[in-house]
Structure formats: structure tokens, C-alpha cells
Amino acid sequence: MNNDNTPVLTVNGLVKRYGAIEVLKSIDLDLVKGDILGIIGPSGSGKSTLIRCLNMMETPTEGTIKLQGKKLSDKFKSSKNEIGVGELRRKVGMVFQHFNLYPHKTVLGNITMGPKVVGKKSEQEANEYAHDLLGQVGLSDKADAYPSHLSGGQKQRVAIARALAMKPDIMLFDEVTSALDPELVGEVLQVIKKLADEGMTMALVTHEMAFAAEIANRVIFLDGGVIAESGTPDQVLINPESERLKTFLSRFHG
């Protein structure tokens with residue numbers, strides 16, 4: 001993918017507990033610039049918890065996460081050795097299963113809010129970039145529409161444009177197609193594939209196995225809060241080692 005193998009994101013010994021329930025158990029992981037990591041696994045395996053820890057929407061119970069060599073902090077402001085949540089959200093974009101658009105704002109308003117409020121961009125600069133992003137996700141004609149007038153696939157493409165508006169170094173996707181009608185899935189995957197082709201570093205939780213096989217350079221199988229298997233798409237999705245993974249993948253064939 002990229003000649004520089006220095007990880008942009010490093011996870012060491014990540015544990016996440018909710019009371020007595022240990023959802024993630026000592027996860028070690030890294031992302032190199034240009035990596036596209038597919039995260040698969042059964043419901044309840046910790047996939048969404050892992051990806052939410054990567055931008056501190058969930059605070060790890062134990063372990064460390066580093067972005068570009070600096071430890072992530074759950075404080076808002078960064079310090080000399082730590083990246084605070086404010087800076088982190090600019091560097092790491094996140095797209096959710098359920099869009100999370102502001103219903104009272106137009107599509108343009110949703111996309112420009114971050115750059116204007118957090119990035120201190122002028123209205124003109126934010127609007128110009130938002131229109132450019134809407135062109136990239138195939139929604140140039142929807143700038144003045146409200147979310148209630150959009151299909152699920154269109155809302156998800158707006159959510160992707162909104163995350164991209166902060167010009168992040170990494171994009172995280174959490175089951176972004178699972179709430180969509182089947183015929184709308186393709187239009188969202190097309191946008192993600194375009195980002196992959198342009199070299200965006202990404203981690204995506206997905207149940208679209210064929211899509212993961214097509215765009216990911218690495219896939220991890222989470223099961224019971226641990227990385228049970230890891231490797232190339234061929235190794236994990238086509239030639240799995242464990243019976244557990246074979247059984248899981250059999251649900252997606254035929």
C-alpha cells in the first residue's frame with residue numbers, strides 16, 4: 001500500500017469492560033497509512049466497541065491507543081504527549097450505522113458545521129468544499145434538501161461527506177450499510193470504494209464479505225472480544241483456519 005510502514009494508529013492491550021462484562025480482551029492492532037482494515041465477526045463480538053474506542057467515543061478500560069505516536073486522551077484538549085478528543089475528531093472521521101444527521105439543518109448545513117465551528121473556516125470556504133464533497137458522493141443537487149427528504153442511502157452518503165469535510169487522516173465506518181434497504185447498499189459502498197482507490201486509511205466494521213474481500217488489504221475476525229484470526233482477505237475470508245470462522249462465513253454463502 002505504502003512504503004512507509006510506520007503505523008499511524010497503534011492499539012496495545014486494549015481492554016473494555018462494562019461492569020463485570022469484558023467486551024474487548026487485550027486487543028493489539030496497528031494501521032499503516034493506506035491500510036484498509038476489514039473488521040468482521042458475529043453480533044456481540046466487540047466490533048462496534050473496538051471502532052468506537054479508536055476515536056474515544058468509548059474510553060478504554062485498559063491499554064493504550066496511539067495516533068501518529070501520541071497517546072489518545074479522553075480530555076478535550078491535547079497536551080505535549082497526548083492527543084485530546086477535539087484534535088482526534090479532526091484527524092479521525094467516523095460514520096455510523098444510523099447517519100446521525102442534524103434533522104433541522106440542510107445537507108449543506110450538516111456538512112459545513114464542523115469546518116466552520118471546529119475548523120474555523122469561513123462560510124465561503126466551508127460551502128465551496130462542501131459542494132465539492134457533494135459532487136464526490138453524487139449528491140450535487142441535494143445541498144438545500146433536509147435529511148427527512150433523503151433516502152437512507154443518500155443520508156449515509158451525506159454522513160460520509162460530513163466526515164470528510166474535516167479532512168481526516170483516517171476514516172472509521174461502523175456497519176454503515178446495515179440499516180439500509182438492500183438496493184441502496186451499492187451506492188454507499190461505491191463511495192467507500194472511491195475513497196479506498198484514493199488511498200484513504202480506513203477501518204470498517206462490515207457484514208458485506210464480498211466488499212471486504214474486494215477493498216481490504218487486511219481483515220480481522222473478532223470473536224468473544226479477541227482477534228481470533230487476522231490476515232489478508234484471501235487468508236481470512238477464503239481460506240479460514242478455524243472451524244469457528246468457517247461456520248461464521250458459511251452464513252454469507254449460497
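Under the side-chain hydrogen bond (donor to acceptor under 3.5 Å, both in side chains) criterion, the residue pairs touching residues 136-149 are Asp132-Gln136, with sequence neighbours excluded. Counting only residues at least two apart or in different chains, salt bridge (charged side-chain N to carboxylate O under 4.0 Å, His left out) contacts with residues 174-191 comprise Arg157-Glu187.
Between Phe211 and Thr177, the closest side-chain pair of non-hydrogen atoms is not below 4.5 Å. Considering only heavy atoms from C-beta on, Ile51 stays 4.5 Å or farther from Met57 through its side chain. Residues Gln154 and Leu139 have side chains in contact (heavy-atom distance under 4.5 Å, counting atoms from C-beta outward). Contact of the Pro147 side chain with the Val158 side chain is not registered, since no non-hydrogen atoms from C-beta on lie closer than 4.5 Å. Contact check for Leu37 versus Leu29: side-chain heavy atoms found under the 4.5 Å cut-off. Two residues are said to be in side-chain contact when any heavy atoms from C-beta on lie closer than 4.5 Å; Asp197 and Leu195 fail this criterion. Looking at heavy atoms from C-beta onward, Ile83 lies out of side-chain contact with Ser73 at the 4.5 angstrom threshold. Contact annotation: the side chain of Phe173 approaches that of Ile192 to within less than 4.5 Å [non-hydrogen atoms, C-beta and beyond].
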Taking distance alone, no hydrogens or angles, what donor-acceptor pairs closer than 3.5 Å link side-chain atoms of residues 234-242 to residues at least two apart or in another chain?
{"unit_1": "Gln235", "atom_1": "OE1", "unit_2": "Thr232", "atom_2": "N", "d": "2.8"}
{"unit_1": "Gln235", "atom_1": "OE1", "unit_2": "Thr232", "atom_2": "OG1", "d": "3.4"}
{"unit_1": "Ser242", "atom_1": "OG", "unit_2": "Glu229", "atom_2": "OE2", "d": "2.7"}
{"unit_1": "Ser242", "atom_1": "OG", "unit_2": "Leu245", "atom_2": "N", "d": "3.1"}

Expected list for residues 87-99: side-chain donor-acceptor pairs under 3.5 angstrom, two or more places apart:
{"unit_1": "Glu87", "atom_1": "OE1", "unit_2": "Ser78", "atom_2": "OG", "d": "2.5"}
{"unit_1": "Arg89", "atom_1": "NE", "unit_2": "Asn55", "atom_2": "O", "d": "3.1"}
{"unit_1": "Arg89", "atom_1": "NH2", "unit_2": "Asn55", "atom_2": "O", "d": "3.0"}
{"unit_1": "Arg89", "atom_1": "NH2", "unit_2": "Met56", "atom_2": "O", "d": "3.3"}
{"unit_1": "Lys91", "atom_1": "NZ", "unit_2": "Gln68", "atom_2": "OE1", "d": "3.3"}
{"unit_1": "Gln97", "atom_1": "NE2", "unit_2": "Ser178", "atom_2": "OG", "d": "3.1"}

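For the atom pair Leu67 CG and Leu54 CG, the distance stands at 10.0 Å (nearest 0.5 Å). Atoms CD1 and CG, from Ile36 and Leu204 in turn, are 8.0 Å apart once rounded to the nearest 0.5 Å. Here the CE atom belonging to Met209 is positioned 4.0 Å from the CZ atom belonging to Phe248, to the nearest 0.5 angstrom. With values rounded to the nearest 0.5 angstrom, Asp28 atom CG is found 9.0 Å from Leu14 atom CG. Rounding to the nearest 0.5 Å places CD of Glu82 at 5.5 Å from NZ of Lys75. Atom CZ of residue Arg244 and atom CG of residue Asp223 lie 4.0 Å apart, to the nearest 0.5 angstrom.
Side chain of Asn217 to main chain of Asp35: no donor-acceptor pair is present (N/O by atom type, distance under 3.5 Å, no hydrogens or angles). In this structure, Lys16 contributes its side chain and Val23 its backbone to no donor-acceptor pair below 3.5 Å. Listed for the Gln156 side chain is a donor-acceptor partner under 3.5 Å among the backbone atoms of Val176. At distances below 3.5 Å, not a single donor-acceptor pair connects side-chain atoms of Lys155 with backbone N or O atoms of Asn100. Although no hydrogens or angles enter the test, the distance criterion places a donor-acceptor pair under 3.5 Å between the side chain of Thr61 and the main chain of Arg17.
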Problem set entry | Full working for side-chain contact (heavy atoms from CB on, under 4.5 Å) between Ser26 and Val226 | CA-CA 7 Å; Ser26 200; Val226 300; over 6 Å; no
For this session: Go through the steps to decide whether Arg162 and Tyr102 satisfy the test side-chain contact (heavy atoms from CB on, under 4.5 Å), and finish with yes or no.
Result: CA-CA 11 Å; Arg162 180 179 62 179; Tyr102 296 106; 4.0 Å; yes
For this session: Test side-chain contact (heavy atoms from CB on, under 4.5 Å) on Val188 and Lys193 and set out the steps.
Result: CA-CA 9 Å; Val188 175; Lys193 186 174 187 308; over 6 Å; no
Problem set entry | side-chain contact (heavy atoms from CB on, under 4.5 Å) between Met202 and Met200, worked out | CA-CA 6 Å; Met202 295 192 270; Met200 173 65 78; 3.6 Å; yes
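Qualifying salt bridge (Lys or Arg N to Asp or Glu O under 4.0 Å) partners for Lys70, counting only residues two or more places apart in sequence or in other chains: none. Ser122 pairs by the side-chain contact (heavy atoms from CB on, under 4.5 Å) definition with Gln124, Glu125, not counting sequence neighbours.
The neighbour count for Lys116 NZ, taken as heavy atoms of other residues, nucleotides or ligands under 6.0 Å away, is above 12.
Heavy-atom minimum distance, Leu108 versus Ala130: CD1-CB, 3.6 Å. Between Met171 and Pro168, the shortest heavy-atom contact is SD-CG, 3.7 Å. The two atoms that bring Ala203 and Ile39 nearest to each other are CB-CD1, 4.4 Å, heavy atoms only. The minimum heavy-atom distance between Gly38 and Ala216, with the atom names listed, is N-CB, 3.9 Å. Closest non-hydrogen pair, Leu24 versus Gly46, comes out as CD2-O, 3.5 Å. Smallest separation of non-hydrogen atoms from Leu150 and Ala145: CD2-CB, 4.1 Å.
In the hydrophobic cluster analysis, where Ile, Leu, Val, Met, Phe, Trp and Tyr join through side-chain heavy atoms closer than 4.5 angstrom, Leu222 is grouped together with Leu31. Hydrophobic cluster membership differs between Ile215 and Val205, with clusters built from Ile, Leu, Val, Met, Phe, Trp and Tyr side chains linked at under 4.5 angstrom. Cluster annotation: Val191 and Val185 are assigned to the same hydrophobic cluster (Ile/Leu/Val/Met/Phe/Trp/Tyr, side-chain heavy-atom contacts under 4.5 Å, transitive). At a threshold of 4.5 Å between side-chain heavy atoms, the hydrophobic network of Ile, Leu, Val, Met, Phe, Trp and Tyr places Leu180 and Leu189 in one connected group. Linking Ile, Leu, Val, Met, Phe, Trp and Tyr whenever their side-chain heavy atoms come within less than 4.5 Å puts Leu9 and Ile27 in one cluster.
Taking the ring axis of Tyr129 as reference, the NZ or CZ atom of Lys167 stays within 45° of it and closer than 6.0 Å to the ring centre.
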